[in-house]
Participant: 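Got a structure for you, questions after.
In what follows, chains are A, B, ... by sequence order, proteins preceding strands, each numbered from 1.
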There are 2 protein chains.
Amino acid sequence: MPPLDFDDHKTDRPDAPDLSAPPCRNCDVVRELAFCADLTHDEIRRLATVRCHAQLPAAFSVFREGDPADHVYSISTGAVKLYKLMSDGRRQIIGFLFSGDMFGLGLDGGYCYTAETLVPTQLCRFTHRKLDTMMDEFPRLERKMFTMTVKDLVAAQEQMLLLGRKTAREKVATFLLKLSRRAAQQGQPASPVALPMSRADIADYLGLTIETVSRTFTQLKRENIIGLPDAGHVVLTDESALRELAEGTASG
Amino acid sequence: MPPLDFDDHKTDRPDAPDLSAPPCRNCDVVRELAFCADLTHDEIRRLATVRCHAQLPAAFSVFREGDPADHVYSISTGAVKLYKLMSDGRRQIIGFLFSGDMFGLGLDGGYCYTAETLVPTQLCRFTHRKLDTMMDEFPRLERKMFTMTVKDLVAAQEQMLLLGRKTAREKVATFLLKLSRRAAQQGQPASPVALPMSRADIADYLGLTIETVSRTFTQLKRENIIGLPDAGHVVLTDESALRELAEGTASG
DNA sequence: CGTATAGTTGATTAGTATCAACGCTAGTGG
DNA sequence: CCACTAGCGTTGATACTAATCAACTATACG
């Protein structure tokens with residue numbers, strides 16, 4: 001887990017160039033942001049004047065649970081995990097985020113989770129204050145962010161069902177299918193799915209231990225439902241079996 | 001669990017008076033709705049012209065998972081549970097909702113959970129279509145609904161930590177404290193907390209079985225942390241012990 | 001008064017967690 | 001260039017929490 005200091009991102013080391021840098025005028029990056037997708041060119045240009053962006057290395061802590069919640073972030077490229085910690089170290093990963101995803105929303109005061117990059121990641125950020133102003137000005141921006149938040153909520157509810165009621169096999173199957181669909185949606189191949197996160201991350205996302213995740217993977221492999229070319233990739237050999245497992249309708 | 005037909009709410013039996021009734025002009029009910037709380041009198045009056053309300057009996061199914069999602073609901077008085085089902089009957093309760101809470105949001109198409117009253121409940125409803133129009137007209141309405149959705153998301157993330165990483169004792173302690181705080185917030189006593197839901201509901205909310213919930217209650221009672229005057233009420237005898245349990249910092 | 005339902009309690013089982021050892025890969029330094 | 005080390009992942013043995021199965025009690029209901 002990531003021992004990087006939160007303030008790192010304000011240093012000028014080449015790895016972590018200034019999220020605090022003055023906004024640049026180039027709109028290309030902003031246009032890719034999902035929450036700007038439906039805006040007019042003019043609106044995007046205005047938005048671009050208030051955003052900062054940066055390329056962050058892998059395993060980089062963007063902010064920590066409890067930090068003053070000043071900014072909202074959007075992922076241009078890369079991947080991020082969000083997690084909550086208990087005082088004794090137990091961890092629950094709230095979500096894995098990819099290109100186009102937004103994070104950092106919350107109410108009054110501090111972030112309620114830690115955000116950390118999984119791979120080298122290009123982020124965009126806006127201050128809450130300026131974003132509020134923008135939302136007043138561009139109703140479509142607010143509508144878009146609202147819609148994205150509803151989507152997040154729906155996903156969170158789906159995850160509650162997984163965490164509360166599914167078995168280890170079902171959890172893993174659901175997880176793999178979700179990753180596969182997400183990859184396909186982003187134009188990447190659906191079958192050799194990349195796992196940019198560690199087994200520990202997967203375990204903490206599914207409410208399992210590392211060992212159980214590993215055992216379940218090898219078990220599914222033995223049953224020829226998945227293939228494991230290496231630890232970072234999974235082949236969905238039998239997707240329909242995986243679907244049945246995920247829904248709890250599997251025979252075995 | 002509730003065998004009531006979804007169409008019931010369109011019948012004219014006295015128990016379930018018409019959610020489809022023509023909007024009434026009385027603003028009193030609408031004004032109590034949390035998502036109208038910050039609106040001007042004029043805005044509330046406009047909103048009142050597009051809403052329907054009804055008094056529903058306990059254990060009444062407002063809508064089911066998969067039903068076409070036409071309406072958004074707000075609870076005036078009473079309590080509602082939201083849940084998701086798996087094909088084999090496993091159930092996960094997504095949330096218990098009370099006065100001022102809103103539900104029914106979702107994306108394209110069907111509701112992604114079933115909504116059912118726990119006690120006799122007074123509901124207000126709006127069509128998505130009209131609410132969208134209203135949001136265009138009254139930015140403060142949209143902002144309010146947005147904020148409430150973010151709150152729901154934060155609560156869902158907290159629940160993920162509970163479901164994925166907490167023990168049965170910790171889950172029950174967290175649940176009781178949450179109910180207590182909610183009651184206090186609504187001006188009701190914080191200590192003899194009312195449990196309007198069954199043990200089965202609590203179990204399906206916490207990702208446990210009925211038996212484990214029951215055992216954990218009696219265990220906490222034996223340790224003089226709570227009191228159980230009857231199945232529907234809990235006295236928080238030792239709230240600090242409960243807090244330690246909930247956070248996982250408890251000694252025993 | 002009999003019946004059905006919700007809740008509690010007990011005995012046993014099962015699914016994961018825990019503890020422990022080992023293999024693999026990558027980075028490090030001699 | 002290669003042994004050494006550290007971290008991640010896998011596998012095995014055992015323990016333990018909570019689930020399952022079952023019986024019983026209390027309460028509400030007809």
Side-chain angles (χ1 to χ4, degrees), chain A residues 1-3 57-59 81 86 88-92 118-119 162-173 175 194-222 226-234 245 248 250 252, chain B residues 1-3 57-59 81 86 88-92 118-119 162-173 175 194-222 226-234 245 248 250 252:
Chain A
M1 331 221 169
K81 65 184 173 193
M86 292 178 67
D88 61 359
R90 276 177 287 176
R91 189 177 68 145
Q92 179 65 43
L118 290 170
V119 295
L162 178 144
L163 290 169
R165 288 300 179 217
K166 291 190 180 179
T167 66
R169 276 169 72 86
E170 291 165 353
K171 285 175 176 180
V172 169
F175 172 68
L195 302 180
M197 67 293 286
S198 68
R199 294 292 189 267
D201 285 341
I202 298 174
D204 285 343
Y205 181 61
L206 299 178
L208 298 170
T209 58
I210 299 174
E211 294 94 330
T212 299
V213 170
S214 181
R215 272 187 256 270
T216 306
F217 273 157
T218 46
Q219 192 187 350
L220 293 176
K221 181 184 178 179
R222 260 199 305 272
I226 63 172
L228 294 169
D230 62 277
H233 296 269
V234 178
L245 256 176
Chain B
M1 328 212 173
K81 64 184 173 194
M86 292 177 68
D88 61 358
R90 276 176 286 174
R91 189 176 69 147
Q92 179 65 42
L118 290 170
V119 295
L162 178 144
L163 291 169
R165 288 300 179 218
K166 291 190 180 179
T167 67
R169 277 169 69 88
E170 290 165 354
K171 285 176 175 179
V172 169
F175 172 68
L195 304 179
M197 67 293 286
S198 69
R199 294 291 189 269
D201 286 341
I202 299 174
D204 285 343
Y205 181 61
L206 299 178
L208 299 170
T209 58
I210 300 174
E211 294 93 328
T212 300
V213 170
S214 181
R215 273 188 254 271
T216 306
F217 273 158
T218 44
Q219 193 187 349
L220 292 176
K221 181 184 179 179
R222 261 200 304 273
I226 64 171
L228 294 169
D230 62 279
H233 295 270
V234 178
L245 256 176

Participant: Counting any heavy atom closer than 4.0 Å, what does A:G232 reach on the DNA or RNA strands: base, sugar-phosphate only, or nothing?
Facilitator: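 Counting heavy atoms under 4.0 Å across all strands, no contact is made by A:G232.
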Participant: Rounding to an integer number of Å, can you tell me how far B:R90 CZ sits from D:dA19 P?
Facilitator: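 From B:R90 CZ to D:dA19 P: 13 Å.
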Participant: Using whole Å, what does the distance between atom C1' of nucleotide C:dG10 and atom CD of B:Q219 come to?
Facilitator: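 Value for this atom pair: 15 Å.
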Participant: Kindly indicate whether the side chain of A:R215 and the base of D:dG9 share any N or O donor-acceptor pair separated by less than 3.5 Å?
Facilitator: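 Looking at the base of D:dG9, it does not pair with any donor or acceptor on the side chain of A:R215 (distance under 3.5 Å).
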Participant: Using rotation axes that map the C1' atoms of four end pairs onto the next four (five pairs an end), what angle separates the end axes of the helix from C:dC1-D:dG30 to C:dG30-D:dC1, to 10°?
Facilitator: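 Computed angle between terminal axes is 30°.
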Participant: Nearest 0.5 Å please: distance from the CG atom of A:L162 over to the CG atom of B:L163.
Facilitator: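 Those atoms lie 10.0 Å apart.
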Participant: For A:L163 and C:dT16, give me the distance from atom CG to atom C1', rounded to whole Å.
Facilitator: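 Answer to the nearest Å: 15 Å.
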Participant: Could you check how far CD1 of A:I202 sits from P of D:dG9, rounded to whole Å?
Facilitator: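 Rounded to whole Å, this separation is 8 Å.
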Participant: Does C:dT9 have OP1 or OP2 under 4.0 Å away from a side-chain N or O of B:S214?
Facilitator: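 Checking C:dT9 against B:S214, no side-chain N or O comes under 4.0 Å of OP1 or OP2.
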Participant: What is the nucleic acid contact for A:T209, judged by heavy atoms within less than 4.0 Å: base, sugar-phosphate only, or nothing?
Facilitator: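 The residue A:T209 makes base contact.
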Participant: Under the rule for side chain to side chain contact (heavy atoms under 4.5 Å, CB included), what residues qualify as partners of B:D230, not counting sequence neighbours?
Facilitator: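 Counting only residues at least two positions away or on another chain, B:D230 forms a side chain to side chain contact (heavy atoms under 4.5 Å, CB included) with B:H233.
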Participant: For A:V119 and A:P196, work out which heavy atoms get closest and say how close.
Facilitator: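 Nearest heavy atoms, A:V119 then A:P196: CG1-CB, 3.9 Å.
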Participant: Between D:dA22, D:dT10, C:dA17, which nucleotide has the shortest distance from any of its atoms to the side chain of A:T212?
Facilitator: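 Nearest to the side-chain atoms of A:T212, counting from C-beta on, is C:dA17.
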Participant: OG1 of A:T216 to CZ of A:R169: how many Å apart, nearest 0.5 Å?
Facilitator: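 Rounded to the nearest 0.5 Å, the OG1-CZ separation comes out at 8.0 Å.
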Participant: Tell me the interatomic distance from A:D230, atom CG, to D:dC8, atom P, rounded to whole angstroms.
Facilitator: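 After rounding, the reported distance stands at 16 Å.
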Participant: Starting the side chain at C-beta, find the nucleotide from D:dT20, D:dG9, C:dA17 nearest to A:L208.
Facilitator: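 Between D:dT20, D:dG9, C:dA17, the one nearest the side chain of A:L208 would be C:dA17.
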Participant: About how many Å separate CZ of A:R199 and CD1 of A:I210, when rounded to the nearest 0.5 Å?
Facilitator: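 If we round to the nearest 0.5 Å, A:I210:CD1 and A:R199:CZ are 10.5 Å apart.
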Participant: Nearest 0.5 Å please: distance from the CG atom of A:L208 over to the CZ atom of B:R165.
Facilitator: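 Between A:L208 CG and B:R165 CZ, I get 7.0 Å after rounding to 0.5 Å.
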Participant: Whether A:T218 contacts D:dT11 is assessed here as follows: a side-chain N or O lying under 4.0 Å from the phosphate OP1 or OP2. Is that the case?
Facilitator: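 Indeed, a polar side-chain atom of A:T218 lies that close.
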Participant: Whole angstroms only, please: what is the CD1-P distance between B:I210 and C:dG10?
Facilitator: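 From B:I210 CD1 to C:dG10 P: 18 Å.
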Participant: Measure the distance from CZ on B:R199 to P on C:dG7 and round it to the nearest whole Å.
Facilitator: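 It is 6 Å, rounded to the nearest whole Å.
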Participant: Rounding to an integer number of Å, can you tell me how far B:L228 CG sits from C:dA6 C1'?
Facilitator: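 Interatomic distance, CG of B:L228 to C1' of C:dA6: 15 Å.
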Participant: Residues in side-chain hydrogen bond (donor to acceptor under 3.5 Å, both in side chains) with B:K171, at least two apart?
Facilitator: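 Here no residue qualifies.
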